[in-house]
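Let me begin by presenting the structure, written as structure tokens, before commenting on it.
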Amino acid sequence: MTIFEIVKAVTSGEKTAEEITRYYLAQIKEKNPSINAFVEVFEKDALAQAKAIDAKKARGEKLGVLAGVPVGIKDNILYEGHKATCCSKMLANYTAAYTSTVVEKLLAADAVIIGRTNMDEFAMGSSNQTSVLGVVHNPVDLERVPGGSSGGSAAAVAAGMVPAALGTDTGGSVRQPAGFCGIVGVKPGYGRISRYGVIAFASSADQVGVLAANVADASLVMEVIAGKDAHDSTSIDSPVPHYTQQFTKDLKGVKVGLPKGFLDGLNPTIKKQTELAAQKLQELGAELVEVDVPLAKYSAPCYYIITSAEASSNLGRYDGIRYGYSDQTAKDLKSYYEASRAPFGLEVKKRIIIGTYALTSERYEECFLKAMKVRELIREDFKKAFSKVDVILTPTSPTTAFKIGEKDENPLSLYLADLYTCQGNIGGLAGISVPFGKDEKGLPIGVQFYGPILEEEKILNAAYHLEKASK
Amino acid sequence: MITKQDVELAGKLARMTVSEQEAGIYEGQLRALFGWVNDLKAINTEDVKLTNVTLAAHTRQDKAVTDEQAAAKLRAMFAQELNDQAKVKKVL
């Protein structure tokens, strides 16, 4: 069922929220053992919420726009009284002391929070293989990764265990797994959604995003969770449109930018699909315009320096005193800190080391400051491009889902998985991945639309039409 | 060129123990990554001024938000208070 169908069924009384919740709980019970998308299911709480929604309806009260819709939340999003571990040993025993704004908004809209989903440790990874709670298997092919870091959320939606899930996207962690699993993943522009109650990785790039089976469903959830929040000073005070009411009849008058050189050297199947997507958009009435974003190719090195530097600072709080594992056997403060920070996994430690190194007085100017300045130029490039076009079309990822363990020998090749998506976080852009065809192995291919901050409706509309046309 | 000593120093600054084996693994990976970062040197950034990267167009009031309820709720989570401060368990 789509989210719209669930809401209609619950509000009309055709089905109860409890029936819907029990259906999805059964799906999780059946499918999760082979996929490992959920790390915890809130069965008791979810059923209590569903019953409360049914009671509300019985009293004749108006139900929220997500009435009875079960939603999974990534394991770095706080929900009071529930564990939030970032799939790390460091936070293995952490229980959220308060609820994130996004979850508050979902609950206020009568959604049902059904469980927390697997992820790369502290959201650092593109394959969901760095989770201490085990790798997630792609429902399309269980031998392959679902992408990451919101791999659990993507796999849960793709397997039909839940109609929507929240993820976070710092370099593509919503869009890339959506592409790998054949679903829709949307990351709004920076500031559109509150980060209050989201465990920080890199504060200037982190954004909450939505994973759903189709564009309309993702748009509806986005509409609910977007907006200014007094608890997050980086959230933007600007009215949130009814995204689902912004879908136009066709794409006449819409200018779609095709960045010069973006497809050079790309996997031929993905290149062909992206070209086909452009052709399809043209058939739908859009005008294709070549745009130049020459410095966007430097996004990945900028991304790894800036986000690692921010991570080294953000993760400094896990010292056993302020947060995280506390080693009680240490004899002095130095060994206490070292022992208490030992639970970080290899990838997290590596990013902290990269960030710390880039911030040393010897390297600060040539690494961190340089990356920050290049980021400014990349943002300017996109700004210029968006003065000519409404949206920009790119592939979501340079490859389709790869086999579990395939890239273990060369971890840096994993960083290339974010090549097209991290541009959006460096530029603070809105981005969406929508499925468009499959490769020769039957694996889903995603294409991505970029749009300016606060103009999410443009990318949602373009993706909506492409999705409709590809069915 | 990044060396094993650089990795160990960064680990020390980050208050983490980096084993000999880990330093060996990271050294090669960081060398490759920072080789990539070296590509940035080719870009002229002389006149670039840093702004708030993503919020430049959306200025906001920089004021503290006081939420008495939230503060009370957080204080209630601590087992004990002493002189208007939360008392926490001794770590050493």
Side-chain angles (χ1 to χ4, degrees), chain A residues 97-98 189-191 204 230-231 233-234 236-238 295 298 300-302 304-305 312 316 319-321 326 328 330-334 336-339 341-342 344 346 349-350 352-358 360 366-367 369-377 379 411-412 415 426-428 453-454, chain B residues 2 6-19 22-23 25-67 70 73-74 76-77 88-92:
Chain A
Y98 65 99
Y190 187 83
S204 77
H231 291 296
S233 61
T234 63
I236 297 171
D237 193 4
S238 174
L295 297 180
Y298 295 106
C302 287
Y304 280 101
I305 290 299
S312 80
D319 59 6
I321 295 174
S326 170
Q328 300 294 321
K331 301 275 184 292
D332 55 49
L333 197 58
K334 184 177 172 287
Y336 177 79
Y337 281 142
E338 287 176 354
R341 283 166 72 72
F344 283 133
L346 270 181
K349 264 177 126 172
K350 183 167 74 189
I352 293 173
I353 287 172
I354 293 169
T356 307
Y357 179 74
T360 54
E366 68 178 42
C367 290
L369 201 58
K370 185 76 182 181
M372 288 293 283
K373 287 183 174 180
V374 175
R375 182 185 202 177
E376 288 284 345
L377 295 174
R379 196 172 64 90
L412 282 184
Y415 290 4
I426 284 295
I453 304 180
L454 300 180
Chain B
I2 290 185
D6 290 328
V7 173
E8 282 162 356
L9 175 68
K12 199 174 153 191
L13 289 171
R15 298 188 299 203
M16 297 188 305
T17 308
V18 180
S19 69
E22 285 171 342
I25 296 170
Y26 292 147
E27 183 195 2
Q29 292 180 13
L30 263 65
R31 198 175 288 166
L33 178 78
F34 281 92
W36 202 14
V37 171
N38 273 340
D39 293 350
L40 300 180
K41 282 184 183 160
I43 305 164
N44 181 4
T45 54
E46 211 175 315
D47 298 325
V48 177
K49 284 198 179 86
L50 291 183
T51 62
N52 183 331
V53 171
T54 47
L55 297 176
H58 310 284
T59 49
R60 59 186 163 77
Q61 280 185 303
D62 193 13
K63 61 172 187 184
V65 176
T66 312
D67 184 340
K73 206 172 154 193
L74 283 172
M77 286 175 198
V88 295
K89 138 176 114 168
K90 186 178 166 185
V91 291
L92 279 173

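By convention in this document, chain letters (A, B, ...) are assigned in the order of the sequence lines, proteins followed by strands, and residues within each chain are numbered from 1. Atoms considered below: every heavy atom in the structure, side chains included; atoms not considered: hydrogens, waters and symmetry mates.
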Next item on the list: With a 4.5 angstrom heavy-atom cut-off, could you sort out which part of Leu33(B) is near chain A: side chain, backbone, both or neither?
Entry: both
Notebook entry, point to check: Side chain, backbone, both or neither: which part of Lys334(A) has a non-hydrogen atom closer than 4.5 Å to chain B?
Noted result: neither
Margin query: Under the side-chain hydrogen bond (donor to acceptor under 3.5 Å, both in side chains) test against Thr45(B), which residue among Lys373(A), Lys370(A), Arg375(A) passes?
Written below: Lys370(A)
Notebook entry, point to check: Contact part of Asn38(B) toward chain A, heavy-atom cut-off under 4.5 Å: side chain, backbone, both or neither?
Noted result: neither
Next item on the list: Using modelled atom types only, decide if a donor and an acceptor are shared between the side chain of Lys349(A) and the backbone of Thr17(B) within a distance under 3.5 Å.
Entry: yes
Notebook entry, point to check: Relative to chain A, which segment of Lys73(B) carries a heavy atom at a distance below 4.5 Å: side chain, backbone, both, or neither?
Noted result: side chain
Check: Of the backbone (N, CA, C, O) and the side chain (C-beta and beyond), which part of Ala339(A) lies under 4.5 Å from a heavy atom of chain B, both, or neither?
Finding: neither
Item checked: Contact class of Asp319(A) relative to chain B, heavy atoms under 4.5 angstrom -> side chain
Notebook entry, point to check: Which pair of non-hydrogen atoms, one from Ala14(B) and one from Thr356(A), has the smallest distance, and what is that distance?
Noted result: CB-OG1, 3.7 Å
Margin query: Please classify the contact between Glu22(B) and chain A as side chain, backbone, both or neither, with a heavy-atom cut-off of under 4.5 Å.
Written below: side chain
Checklist line | Toward chain A, the part of Leu30(B) with a non-hydrogen atom under 4.5 Å | finding: side chain
Notebook entry, point to check: Nearest 0.5 Å, what's the OH-CZ distance between Tyr357(A) and Phe34(B)?
Noted result: 6.5 Å
Notebook entry, point to check: Do you know which two heavy atoms are closest between Ala330(A) and Leu92(B), and how far apart they sit?
Noted result: O-CD2, 3.5 Å
Margin query: Given heavy-atom pairs under 4.5 angstrom as the criterion, report whether the side chain, backbone, both or neither of Tyr298(A) touches chain B.
Written below: both
Notebook entry, point to check: Can you say whether Ile353(A) sits under 4.5 Å from chain B via the side chain, the backbone, both, or neither, judging by heavy atoms?
Noted result: both
